[in-house]
Amino acid sequence: MQSIQAVRGMKDTLPNETPTWRDVESKLIRKITQCGYQEIRLPIVERTDLFNRSIGEVTDIVAKEMYTFLDRNGDSLSLRPEGTACCVRAALENGLIHNQTQRLWYMGPMFRHERPQKGRYRQFYQIGVEAFGWQGPDLDIEQLLLSHSFWKALGLEQFIRLEINTLGTLPERQQHRAELIQYFKQHESKLSKEARERLETNPLRILDSKDPEMQDLINSAPKLIEFLEPASLKFFETIQSTLKSAGVDFKVNPRLVRGLDYYSHTVFEWITEELGAQGTVCGGGRFDGLVELIGGKSVPAVGFALGLDRVVDVYLAHFEQIKQPVDVYVVAVGEEAERKALLLANKARETGQVVICNTGGGNFKKQFERANKSGAQHAFVLGETELKENFFGIKDLRGNGPERKMQLDLFLAEGDMRQIDLRKQHL
Ligand code: HAM
């Protein structure tokens with residue numbers, strides 16, 4: 001029978017990869033919780049309307065990339081393509097937004113039916129943060145500094161750079177949009193087919209086009225910054241000057257608009273040159289209008305999400321895969337020894353060690369091969385002689401430490417923690 005393969009664009013994360021993922025995740029989560037963000041766990045499936053309303057019906061994500069299906073009740077549901085809309089929905093539904101401030105974070109898989117390539121998957125993983133109730137720009141700055149601290153924590157600071165932009169307020173954008181449509185209409189013959197389609201629906205996205213034929217046209221297009229009122233300019237200025245005093249390098253990219261409709265004021269992306277076309281490892285910004293769109297009273301909000309698949313890829317371009325640590329491998333030959341070995345391993349785990357007990361038999365040679373392969377630092381050795389004389393051997397598998405002995409019965413009875421603390425070399 002033909003074997004069944006994974007769905008295209010959805011990959012397995014294998015045991016040799018998961019320790020690196022966990023390590024990266026825990027460093028990021030530590031940084032997030034250091035800022036006082038609290039975890040929220042969200043469903044993977046939501047009502048399709050939630051995304052239509054929030055991300056924007058004319059965005060690529062909603063128009064082309066959603067995994068949408070009818071469930072058995074005939075309700076239209078979608079696998080979440082991102083976490084922000086879900087987080088707002090959950091926070092609203094559970095009374096976490098109004099008349100209070102809130103810092104939330106989440107982690108998990110997201111789904112987009114994009115064309116798979118390196119760094120772009122149909123199931124991918126994000127860690128995201130969302131803060132509600134602060135008019136800013138202090139929260140925008142806090143999150144920019146938080147995301148910057150990620151790269152420091154991972155040792156990737158010099159490989160990832162920051163681009164920021166401001167999208168102003170809705171009225172400012174509407175005025176700019178009208179001018180933009182007029183400008184592109186005047187030059188319609190120079191627009192690509194895709195750009196022409198976007199002209200009425202989402203003209204801002206034309207600015208995002210990589211089409212070399214349109215670059216001159218895009219460069220001379222009316223810029224949003226020309227339509228910003230003093231308050232919006234000041235907001236953006238505060239962000240830039242604080243980043244400078246914090247020593248965070250950044251570039252203002254007036255063409256940074258992002259692929260979701262809900263942003264206002266600050267938008268930003270962290271980008272690496274190391275992943276080819278899929279270089280954005282983290283992105284976000286302010287989304288003051290979204291809570292209202294989803295059905296609440298207007299609440300200012302700001303957030304970002306980091307693409308774990310991409311961050312792990314950049315990490316592995318510079319560092320070795322992290323291995324799951326093993327402290328002890330218990331080698332035991334003979335029926336009685338094998339049985340005792342299980343008890344010995346169990347007791348040793350109480351000391352906090354990672355202990356693999358040999359199972360499935362084998363002679364000493366075979367078992368030591370397995371012990372070496374496991375990556376264990378030490379082997380506990382239990383054979384007929386050891387049993388007869390009531391001890392077990394402790395062998396240093398990685399260095400030249402002397403072979404030691406420990407009294408078996410006493411250890412099994414009392415589990416002498418101090419003596420067995422291998423990491424502290426108390427042997
Ligand atoms: P986004 O820019 O669509 O923003 O996604 C955030 C990050 O997820 C990207 O920078 C990228 O690293 C990763 N990502 C996106 N699509 C894929 C893919 N197909 N394969 C692998 N990685 C991918 C959002 O999702 C917003 N919800 C961010 C946000 C939070 N804004 C405010 N709060």
Side-chain angles (χ1 to χ4, degrees), residues 8-11 13 24 28 32 37 40 42 46 50-51 54-56 59-62 64-67 79-89 91 102-132 136 139-140 143-144 146-147 150-151 156 160-165 167 205 208 256-272 274-291 293-294 300-315:
R8 194 164 125 79
M10 302 197 182
K11 65 188 168 59
T13 308
V24 168
L28 300 175
I32 293 169
Y37 286 78
I40 184 163
L42 303 160
E46 297 274 357
L50 174 68
F51 304 115
S54 56
I55 300 173
T59 58
D60 283 351
I61 296 180
V62 168
K64 304 184 196 158
E65 297 167 3
M66 285 228 290
Y67 281 89
L79 299 185
R80 62 182 185 193
E82 58 112 42
T84 308
C86 315
C87 186
V88 172
R89 196 269 312 136
Q102 198 71 250
R103 286 183 174 88
L104 301 172
W105 72 271
Y106 52 83
M107 179 170 82
M110 308 290 159
F111 302 84
R112 295 182 194 173
H113 195 276
E114 295 188 83
R115 199 166 48 78
Q117 54 174 257
K118 186 175 164 47
R120 187 160 73 194
Y121 310 103
R122 289 179 174 173
Q123 175 171 336
F124 58 97
Y125 294 81
Q126 284 187 348
I127 293 190
V129 306
E130 319 289 358
F132 299 98
L139 243 292
D140 311 48
Q143 291 191 357
L144 281 158
L146 167 61
S147 48
F150 289 165
W151 322 128
L156 296 175
I160 299 176
R161 62 185 172 81
L162 174 62
E163 290 193 357
I164 61 174
N165 189 23
L167 300 183
R205 291 300 308 277
D208 227 8
L256 182 67
V257 291
R258 309 211 6 89
L260 307 96
D261 271 1
Y262 48 59
Y263 294 107
S264 56
H265 288 297
T266 323
V267 286
F268 65 92
E269 287 187 349
W270 289 94
I271 299 163
T272 176
E274 315 211 340
L275 299 179
Q278 304 309 319
T280 308
V281 290
C282 178
R286 184 159 277 280
F287 50 98
D288 289 344
L290 185 62
V291 175
L293 262 184
I294 294 182
V302 52
F304 67 79
L306 165 146
L308 274 166
D309 308 74
R310 294 180 190 175
V311 170
V312 170
D313 276 351
V314 185
Y315 181 87

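Order of appearance sets the numbers: ligands from 1, and atoms from 1 within every ligand. In this text, all values refer to a predicted model and were calculated from it rather than measured experimentally.
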**Q.** Residue and atom name of the nearest protein heavy atom (relative to atom 32 (C) of ligand 1), distance in Å to one decimal
**A.** G303 O, 3.2 Å
Q.
Students should be able to answer this: which protein heavy-atom is nearest to atom 19 (N) of ligand 1, and at what distance?
A. E114 OE2, 2.6 Å
Q. What atoms of ligand 1 come closer than 4.0 angstrom to any heavy atom of F304?
A. 29 (C), 30 (C), 32 (C), 33 (N)
(Q) Donor-acceptor pair, distance only, cut-off 3.5 Å: does the side chain of R310 make one with the backbone of T280? (A) yes
Q: Just need the protein heavy atom nearest to atom 21 (C) of ligand 1, so name the residue and atom and give the distance.
A: G119 O, 3.3 Å
(Q) Going by side-chain contact (heavy atoms from CB on, under 4.5 Å), F111 matches just one of M10, M66, E65. Which one? (A) M10
Q) If every non-hydrogen atom of F268 is compared with every non-hydrogen atom of L162, which pair is closest and at what distance? A) CB-CD1, 4.0 Å
**Q.** Side-chain donor-acceptor contact under 3.5 Å, Y37 with Q143
**A.** yes
Q: State which residues pass side chain to side chain contact (heavy atoms under 4.5 Å, CB included) with A85; sequence neighbours excluded, sorted by chain then number.
A: L50, F51, S54, E82, I294
Q) Which atoms form the tightest heavy-atom contact between F287 and G303, and what is the distance? A) CE2-N, 3.4 Å
Q: Could you tell me which atoms of ligand 1, counted from 1 in the order shown, lie closer than 4.0 angstrom to a heavy atom of E130?
A: 30 (C), 32 (C), 33 (N)
Q. Which is closest to atom 2 (O) of ligand 1 by heavy-atom distance: R258, E82, R115?
A. R258
(Q) Tell me the closest heavy-atom pair linking Y262 and I55, and the distance in Å. (A) CD2-CA, 4.2 Å
Q: Select one of side chain, backbone, both or neither to describe which atoms of T280 lie under 4.0 Å from any atom of ligand 1, heavy atoms only.
A: both
(Q) Please confirm whether P81 approaches ligand 1 to less than 4.0 Å, judged on its heavy atoms. (A) no
**Q.** ligand 1 atoms in contact with C282 (distance to a heavy atom under 4.0 Å)
**A.** 10 (O)
Q) Nearest to atom 14 (N) of ligand 1, what protein heavy atom do you find, and at what distance? A) F124 CE1, 3.4 Å
Q) F287 heavy atoms, cut-off 4.0 Å: which ligand 1 atoms fall inside? A) 32 (C), 33 (N)
Q.
Is the shortest side-chain heavy-atom distance between V302 and H265 below 4.5 Å?
A. no
Q: Pull out every atom of ligand 1 sitting under 4.0 Å from any heavy atom of G283, numbered as shown with elements.
A: 10 (O), 28 (C), 29 (C)
Q: Ignoring hydrogens, just give me the one of G307, G284, G83 whose non-hydrogen atom is nearest atom 13 (C) of ligand 1.
A: G307
(Q) Which residue is it: W270, F150, W151, Y125? I am looking for the one with a side-chain contact (heavy atoms from CB on, under 4.5 Å) to V311. (A) W151
Q. Near Y263, which atoms of ligand 1 are under 4.0 Å from a heavy atom of that residue?
A. 26 (C), 28 (C), 29 (C), 31 (N), 32 (C)
Q. Can you name the closest pair of heavy atoms from V129 and Y106 and give their distance?
A. N-CE2, 4.4 Å
Q. Looking only at protein heavy atoms, which one is nearest to atom 30 (C) of ligand 1, and how far off is it?
A. T84 OG1, 2.9 Å
Q) Taking all non-hydrogen atoms of both residues, which atom of P116 and which atom of R8 are closest, and how far apart? A) CD-NH2, 3.4 Å
Q | Element-labelled atoms of ligand 1 that are located less than 4.0 Å from some non-hydrogen atom of R120 | A | 19 (N), 20 (N)
**Q.** Close-contact set for ligand 1 against Y262 heavy atoms, below 4.0 Å
**A.** 26 (C), 27 (N), 31 (N)
Q. Which is it for Q126 and ligand 1 at heavy atoms under 4.0 Å: side chain, backbone, both or neither?
A. side chain
Q. Hey, does the side chain of R80 reach the backbone of P109 with a donor-acceptor pair shorter than 3.5 angstrom?
A. yes
Q) When you measure from atom 20 (N) of ligand 1 to each heavy atom in Y125, W270, Y121, Y106, which option holds the nearest one? A) Y121
